Amino acid sequence: MLTRADCLAADARDPLASFKQQFIIPDGVLYLDGNSLGVQPKTAAARCSEVVSQEWGIGLIRSWNTAGWFEMPGRLGNKLAKLLGANDDEVVVTDTTSLNLFKSLAAAIRIQQQEAPQRRVIVSERDNFPTDLYMIEGMIDLLQQGYELRLTDDTLSLEQALDSDVAVLLLSHVNYRTGAMYDMAATTALAHRHGALVIWDLAHAAGAVPLDLNAAEADFAVGCTYKYLNGGPGAPAFIWVAPRHQDRFWQPLSGWWGHNRPFDMADNYQPAHGIRRFLCGTQPVTSLAMVECGLDVALQADMHAVRAKSLALTDLFIQLVNERCGQHPLTLITPLEHARRGSHVSFRHPQGFAVMQALIARGVIGDYREPEVLRFGITPLYLSHADIWEAVEVLRDILDSGSWDRPEFHQRASVT
Ligand SMILES: *Cc1c(COP(=O)(O)O)cnc(C)c1O
């Protein structure tokens, strides 16, 4: 049986322990939801105030040049690229993940229309994050050309779903509900063997697991900065396009920010060369500045140390729940195999919603996902082994005492 002393000993050996100092963690909170909305870097408030008071307040319109506002999507993209296994000029930080899914999907479909127009199937996973599936549905409806969505599930494996009709494969690298992770290189190679292009949604992967988009020969990738990258609520997302595809087509949200010379104010669209054509309109400067605060912390950490600690903490969490809450009806739905696990852990419990509300009331903040899923994000930069111990102790107490069954814990708010 593991003890709290074992956890403290592991913390004493933790090379990432000091990173916690760089974030604001409220007193009395054990934050296990950094996979949904990351915590605030300590530099963020001052940087925000600088943008608002100086750059906007005093610099006004001049700041597009003098404060580097215009270059921000690409400059931050270059920083983020280091965490994605990408190079300079391959990533922009912009728009939302949903919008970037639309742009990448449109570009991938255009390439296939040129090269293999008979391919009319888009493959994804029934268990994918809903917005990914909804955006594919919207694209199919917009195109009106007989495209169809084919979903893998318990009855249709990926191997079975891929054939010579498939234009695009769109998958989440780490599943938002279960934490299950694909082998990016092997899955990309499998899709390529069938002639499909691959879009990876890295929402639960960027900043959480080591990534190498170029080594995997992926085609497109999108993802969030407000989860493991701590960019703040609603922070702009990112899009990566393999250099071999960047200049092939422009994307259909061809706003002036993607124009080759936006300030020529020309009456026709000429796409910028490279990744800039994946921009659409004026960027949210204040939010972008917050993204940079999160990136600057993440870039100080060795991603392999982050991964090692993530696996150690997720293993610890699973083992402690088994040892200390074993008599309760909790079912682990996260893969035990390290190579198949991202950085969160999920359990089903028949009263999952109420149990999570009871945890949150005690300061252990995770989240609830349908159906019956308790989801715990494990963020190595600001969680310790002792934090995991405390969180499991609170879970044990709530389950042993049955305190989750109070009426207020069954009330549903609009965001779970
Ligand atoms: C969180 C998440 C999103 C969110 O998309 P938004 O456009 O930022 O709301 C998309 N895809 C996946 C897989 C996610 O986990």
Side-chain angles (χ1 to χ4, degrees), residues 22-24 37-84 86 88-100 102-103 206-207 222-227 229-241 246 250-300:
Q22 300 199 47
F23 297 103
I24 293 177
L37 174 62
V39 297
Q40 189 184 129
K42 281 189 180 159
T43 53
R47 179 71 184 111
C48 189
S49 154
E50 183 183 19
V51 172
V52 172
S53 308
Q54 299 298 316
E55 297 180 7
W56 178 22
I58 310 289
L60 289 167
I61 192 111
R62 296 168 287 192
S63 289
W64 286 107
N65 291 314
T66 56
W69 286 355
F70 187 67
E71 309 300 337
M72 278 176 110
R75 193 166 57 76
L76 302 195
N78 289 347
K79 286 193 176 190
L80 176 57
K82 296 176 177 47
L83 298 173
L84 306 180
D88 281 359
D89 304 323
E90 293 179 4
V91 181
V92 279
V93 178
T94 189
D95 295 336
T96 66
T97 300
S98 301
L99 284 171
N100 289 335
F102 181 86
K103 292 184 281 186
V222 302
C224 302
T225 65
Y226 55 75
K227 294 175 176 168
L229 294 170
N230 306 306
F238 64 87
I239 180 166
W240 170 84
V241 180
Q246 282 180 2
W250 73 59
Q251 49 86 16
L253 299 182
S254 46
W256 71 308
W257 272 60
H259 193 280
N260 199 27
R261 285 183 306 279
F263 288 93
D264 280 6
M265 302 293 176
D267 61 7
N268 66 328
Y269 185 72
Q270 267 181 32
H273 294 290
I275 193 65
R276 269 216 31 225
R277 70 176 60 185
F278 283 83
L279 299 179
C280 179
T282 305
Q283 306 295 314
V285 170
T286 321
S287 264
L288 280 169
M290 302 298 90
V291 171
E292 190 162 23
C293 297
L295 287 175
D296 284 344
V297 181
L299 287 169
Q300 296 162 33

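Hydrogens, waters and symmetry mates play no part in the numbers below; they use all other heavy atoms, side chains included. Computed from a prediction, not measured in an experiment: that's the story for all the values here.
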Here the pair of heavy atoms bringing Gly59 nearest to Ser63 is CA-OG, 3.5 Å
Value for OG (Ser49) from CD (Gln54), rounded to nearest 0.5 Å, stands at 8.0 Å
Heavy-atom distance under 4.5 Å between the side chains of Leu99 and Leu253, does that happen here?
yes
Rounded to the nearest 0.5 angstrom, the CZ-CZ distance for Phe263 and Phe70 is 5.5 Å
Distance-minimising heavy-atom pair for Phe238 and Val91:
CB-CG1, 4.1 Å
Under a 4.5 Å cut-off applied to non-hydrogen side-chain atoms, are Leu295 and Leu83 in contact?
yes
Once you round to the nearest 0.5 Å, how far does CD of Gln22 lie from SG of Cys293?
11.0 Å
For residues Val297 and Asn230, determine if any side-chain heavy atom of one lies less than 4.5 Å from a side-chain heavy atom of the other.
no
Trp56 CH2: over 12 foreign heavy atoms closer than 6.0 Å
no
Trp257 and Gln283: side-chain donor and acceptor closer than 3.5 Å?
no
Residue pair Ile275 / Glu90, side-chain heavy-atom distance below 4.5 Å:
no
Report yes or no: does Arg277 contribute a side-chain atom to a donor-acceptor pair with the main-chain N or O of Ala272 at less than 3.5 Å?
yes
Quick one: CD on Glu71 to CG on Leu76, what's the gap to the nearest 0.5 Å?
11.0 Å
Between Glu292 (side chain) and Leu288 (backbone), is there a donor-acceptor pair under 3.5 Å?
no
Residue that, paired with Val222, satisfies side-chain contact (heavy atoms from CB on, under 4.5 Å) out of Val241, Ile239, Asp95:
Ile239
For Ala237 and Asn100, work out which heavy atoms get closest and say how close.
CB-ND2, 3.7 Å
What one should report as the nearest heavy-atom pair of Gln246 and Gly274 is OE1-CA, 3.2 Å
Can you tell me how far the NZ atom of Lys103 sits from the CH2 atom of Trp250, to the nearest 0.5 Å?
15.5 Å
To the nearest 0.5 Å, what is the distance between CG (Asn78) and CG (Leu80)?
9.5 Å
In terms of heavy-atom contacts, does CG of Leu60 have more than 12 from other residues, nucleotides or ligands at under 6.0 Å?
yes
Close side-chain approach of Pro252 and Phe102, heavy atoms under 4.5 Å
yes
For residues Leu229 and Cys224, report the shortest heavy-atom separation together with the two atoms involved.
CD1-O, 3.8 Å
Please examine the side chains of Pro233 and Leu37, heavy atoms only from C-beta on, and report whether any two atoms are closer than 4.5 Å.
yes
Does any N or O in the side chain of Thr97 come within less than 3.5 Å of the main-chain N or O of Gly223, such that one atom is a donor and the other an acceptor?
yes
Please name the residue in the list Met265, Arg276, Gln270 that meets the side-chain contact (heavy atoms from CB on, under 4.5 Å) test with His259.
Gln270
I'd like to check Thr94 versus Cys280 (side-chain heavy atoms, cut-off strictly below 4.5 Å). Are they in contact?
no
Test item: Thr282 and Trp256 side chains (from C-beta on) under 4.5 Å apart, heavy atoms
yes
Heavy-atom closest contact (Gly232 atom, Tyr226 atom, distance):
O-CB, 3.0 Å
Kindly indicate, with the supporting measurements, whether the criterion side chain to side chain contact (heavy atoms under 4.5 Å, CB included) is fulfilled by Val51 and Glu55.
CA-CA 5 Å; Val51 172; Glu55 297 180 7; 3.8 Å; yes
